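Worth saying up front: this structure is predicted, and the values here are computed from it rather than measured.
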Amino acid sequence: MSEKKTVTVKLVRSVAGTRESHRATVRGLGLRKLNSTRTLEDTPAVRGMITKVQYLVQVL
């Protein structure tokens with residue numbers, strides 16, 4: 001069996017003052033507070049969400 005690929009993202013900038021759609025994307029990634037991290041399945045959908053808010057998050 002092969003393990004599913006994962007990607008870890010961290011919220012490094014505040015969502016205050018950003019577009020509502022970008023805030024919703026950050027929430028969709030499961031990030032709430034500053035410096036919170038989530039390990040997610042590496043899918044094209046998740047990659048697209050990370051790309052959309054790349055100025056707010058860091059991929060670890």
Side-chain angles (χ1 to χ4, degrees):
M1 283 188 205
S2 62
E3 291 185 33
K4 290 187 177 180
K5 301 283 186 188
T6 61
V7 60
T8 303
V9 290
K10 178 179 181 180
L11 185 62
V12 294
R13 288 189 56 177
S14 172
V15 295
T18 61
R19 293 180 177 196
E20 182 57 43
S21 64
H22 290 196
R23 283 182 239 162
T25 301
V26 169
R27 283 196 302 269
L29 287 169
L31 302 170
R32 293 180 180 268
K33 296 183 178 181
L34 207 55
N35 293 319
S36 61
T37 61
R38 282 290 303 259
T39 301
L40 305 162
E41 192 175 333
D42 191 4
T43 63
V46 170
R47 283 286 175 178
M49 292 169 79
I50 292 169
T51 301
K52 182 174 179 179
V53 294
Q54 64 187 353
Y55 66 102
L56 296 173
V57 298
Q58 179 181 38
V59 178
L60 304 175

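A pairwise comparison of heavy atoms in Tyr55 and Arg13 identifies O-CD, 3.2 Å as the closest pair.
Side-chain contact between Val53 and Leu29 is present, with heavy atoms from C-beta onward closer than 4.5 Å.
Under the side-chain contact (heavy atoms from CB on, under 4.5 Å) rule, Val57 has a single partner from Thr51, Leu11, Thr25, Val12, which is Leu11. Among the candidates Leu31, Val26, Ile50, Val9, the single residue satisfying the side-chain contact (heavy atoms from CB on, under 4.5 Å) test with Leu56 is Val26.
The side-chain hydrogen bond (donor to acceptor under 3.5 Å, both in side chains) search around Arg23 returns Glu20, not counting sequence neighbours.
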Please output the side-chain donor-acceptor pairs of residues 32-40 that fall under 3.5 Å, not counting sequence neighbours, one pair per line with the distance.
unit_1: Ser36; atom_1: OG; unit_2: Arg32; atom_2: N; d: 3.4
unit_1: Ser36; atom_1: OG; unit_2: Lys33; atom_2: O; d: 2.6
unit_1: Thr39; atom_1: OG1; unit_2: Thr8; atom_2: OG1; d: 3.3

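The list of salt bridge (Lys or Arg N to Asp or Glu O under 4.0 Å) pairs with a residue in residues 44-60, not counting sequence neighbours, reads Asp42-Arg47.
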